[in-house]
Structures are given as C-alpha cells and as structure tokens.
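What follows is one structure encoded as structure tokens, with my remarks underneath.
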Protein chains: 2
Amino acid sequence: MLSKKTKYAFHALTYLGKHKDQGAVPIQEISAHHNISHKFLENILLELKKAGLLGSKKGKGGGYYLIKLPNEIRLSKIIRLLDGPIALLPCVSLNYYEPCEECASQEKCGLNMVMAEVRDETLKILEMKTLQDILERE
Amino acid sequence: MLSKKTKYAFHALTYLGKHKDQGAVPIQEISAHHNISHKFLENILLELKKAGLLGSKKGKGGGYYLIKLPNEIRLSKIIRLLDGPIALLPCVSLNYYEPCEECASQEKCGLNMVMAEVRDETLKILEMKTLQDILERE
DNA sequence: CACAAAACCTACAAATATTATAGAGTAAAT
DNA sequence: ATTTACTCTATAATATTTGTAGGTTTTGTG
C-alpha cells in the first residue's frame, strides 16, 4: 500500500494538472478541495518541488505549479520519492538496495530471483503510467 | 515492500518445500538456518497453518510441513495473508476495500481508475508466481 | 510413568515509521 | 505596512511492526 503522503501527492499533482492554466495554485486550495491537512500537504509539496517536479511562487497570488508535462511524470518516480522502494524486498531493490540477512548466498536464493522478476514486471507498469493517465480518466 | 513477517514466511515455506520428504520440520531448524527469531517465526507458522497452508505435529519429532503442492501456493496468497492488501490504495483493494476520504466521487476519480489498472496488472504477476517458482530457482 | 521436545496460545514490550502540528522565517504583492 | 503564501526545522501523537515472555498442551521415548 502507498502511504497517505504518496496518495496526497497524487491528489495534489492531479489537481495541479487540472488547473495548470490558472498559474500558481496555493496549498490552501488543494488541501481544502481534498480534505487534506494543510500543514501536512505543505511538507509534501516542498518535497515534490525539491525533486524538480513543481515550481513555486511566494507571496500573494503565489502557490505551486507543474514544471513538467503530465506525461513526463511517472508513477514510479512519485512512489520512489515519497514511499521509497518499489521492489518487495530490499535485496532486489534497484534504488534502495540492502543485502539480505537471512540468506547465505544471494546468488543462489530462489526468493531473490523470483522477487527480482516481480520487480521488473511491476516497474514496467509503474514506469509506463504517468500523471497524464490519471488526468485523462477524470 | 513486504514486511519481515512476510519475508520470513517465504523463507520458511521455501525451506519446508525443499525438505518435504523429511516429514515434519521443527521451527528451530528453520529459524536457525535463516537466522530468524524462533518465537517470531512461531507466530508466523501458526498463521500459515490456520490459513490451511501448513500441517503440524506436536511433541517430540514434530514440526511443520506443507499440505499443499508448491505450485498451488501463490505469492499473492501469502502476501495478502500476512501483509494485507496488494492494491496500492484502499479504494481499489479487492480484499481490503475502504472508501476514499479525499474524493467526492470514486467513480470519477482518475487516480482510482489508474490504480485499479495497476492492481490488475500486479495481480497477474503475483497470482501466476508460486512457491514452485522459488524452489525451481534454488 | 517421567521426561524432553515441540507446537499452541495470549499478552505485552520495544522499536520504528507514519501522520500531523507548531512556530518562526522569507518573499512578494498591493 | 500588511497580508498572503511558501520555506524550514523540530517535535508531538499515533499506528504498525517486530520481537519477547511465559505458560499450556501434545507426543514420543526410555
């Protein structure tokens, strides 16, 4: 399951995608529309900005806006950013790898191999789907 | 990511699969071989038994053993049992559904639809792979 | 029968992660 | 000057995960 943080991020990105003609959108507007804690969403949007997905404008009339096209924002990117690994086990994670502590040899571990296959299949899905797919279905 | 509980369950099932000719295997043997806390594993195996995957025998010479064929034990089953939902959001979970609190209408929610598609693709993988796949690669 | 081995069961403790809040700063518009 | 809204860091509250404790029941064996 995704954390609420990641779920909120998707809601916010979707909202920003739908309102990308209106320029900067204040956090307040998004949090009110989706019943999300303003302060919590604040942290999330800041992370998305630091990751290069959003731009922001301070002061009156300010807010956040997408600085990438919706079809360039992959689900995998958002999930990795806020939730961490997509792989089911640390020993098959591409971005958050950690060696297994229960196995004598990772090379001979059937679980490791199967989970690596699962990871590859999962990534195919999550790298193909983008924010655009969400927007198209609204 | 899977919880350690689920990961340990996979290790234990694999071990039992590899030693299915030797009859009942005591927890001690599995926990020692994989460096897993005996007591923690105890709880896990008990759950797997209650779910109908394992049989057990008490007393001296006792232990656990598979009561299903490895190719009948799907990854999806183990994950759902110990970790819960496979879907990325509660509002698209087949087995652990909960309505979304941020959306006015689930039927018009693009995120919901995309995540339902992701769930379907993920399930294709996790329902296809079984304990047998792990055993074959050892 | 006594004893040891091993599953069964319930509760709880410790550690970690998630979710949320607080409050002080900085920048911009009017 | 004032209001609006992002920036930043710290911390509190809550939930979940991970692990432990301690007993009970069952079974095989000498």
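All chains are named by letter (A, B, ...) in the order of the sequence lines, taking the proteins before the strands, and each is independently numbered beginning at 1.
- Put simply, Y64(A) has a side-chain N or O that comes within less than 4.0 Å of OP1 or OP2 on dT7(D).
- In the displayed structure, E136(B) atom CD is contacted under 6.0 Å by more than 12 heavy atoms of other residues, nucleotides or ligands.
- A donor-acceptor contact under 3.5 angstrom links the side chains of S3(A) and D83(A), judged on distance only.
- Taking atom CG on L46(A) and atom P on dA20(C), their separation rounds to 18 Å, with Å as the unit.
- Listed nucleotides dT18(D), dT20(D), dT19(C) differ in distance to K4(B); the shortest reach to its side chain belongs to dT18(D).
- Within the nucleic acid shown, Q28(B) has no heavy atom closer than 4.0 Å to any nucleic acid atom.
- Atom OH of Y65(B) and atom C1' of dA6(C) are 13 Å apart (whole Å).
- Atom CZ in F40(A) sits about 17 Å away from atom P in dA13(D), given to the nearest Å.
- When distances are taken from the side chain of I27(A) to each of dT20(D), dT7(D), dC6(D), the shortest belongs to dC6(D).
- Counting to the nearest Å, the P atom of dA5(D) and the CG atom of L54(A) are 17 Å from each other.
- Counting only distance, with no hydrogens or angles, the side chain of H38(A) and the backbone of S31(A) share no donor-acceptor pair below 3.5 Å.
- Here S56(A) does not reach the OP1 or OP2 of dA5(D): none of its side-chain N or O atoms lies under 4.0 Å away.
- Between the side chain of N43(A) and the base of dT21(C), a donor-acceptor pair under 3.5 Å is found.
- Taking 4.0 angstrom as the limit, S37(A) places a side-chain polar atom (N or O) nearer than this to OP1 or OP2 of dT21(C).
- Between G59(A) and K5(A), the residue whose closest nucleotide on DNA chain C is further toward the 5' end is K5(A).
- Within the 4.5 Å cutoff, the side chain of K7(A) has heavy atoms near those of the L89(B) side chain.
- Between Q22(B) atom CD and dA6(C) atom P the separation is 12 Å, expressed in whole Å.
- A straight line from CG of D83(A) to P of dT16(C) spans 20 Å, rounded to a whole angstrom.
- Not one side-chain nitrogen or oxygen of K57(B) sits closer than 4.0 Å to the OP1 or OP2 atom of dT27(D).
- Between the C1' atom of dT16(D) and the CE atom of M1(A) lies a distance of 13 Å, rounded to the nearest Å.
- Among the nucleotides dA20(C), dG28(D), dA6(C), the one closest to any side-chain atom of P26(B) is dA6(C).
- For the pair H38(A) NE2 and dT7(D) C1', the interatomic distance rounds to 11 Å; values are reported in whole Å.
- For K60(A), counting side-chain heavy atoms from C-beta on, the closest listed nucleotide (dA29(C), dA7(C), dT7(D)) is dA29(C).
- Using a 4.0 Å heavy-atom cutoff across all strands shown, L45(B) reaches no nucleic acid atom at all.
- Nearest-nucleotide assignment on DNA chain D puts the 5′-proximal partner with G62(A), out of G62(A) and K50(A).
- A salt bridge does not link E127(B) with K77(B): every distance from a Lys NZ or Arg NE/NH1/NH2 to an Asp or Glu carboxylate oxygen is 4.0 Å or more.
- K39(A) comes within 4.0 angstrom of a base, heavy atoms only.
- When each of K58(B) and S3(B) is assigned the nucleotide of DNA chain D with its nearest heavy atom, S3(B) is the one assigned upstream, toward the 5' end.
- In this structure, the side chains of L81(A) and T6(A) stay at 4.5 Å or more apart for every pair of heavy atoms.
- Residue E42(A) places no side-chain atom within donor-acceptor reach of the base of dC6(D), judged by atom type and a 3.5 Å distance cut-off alone.
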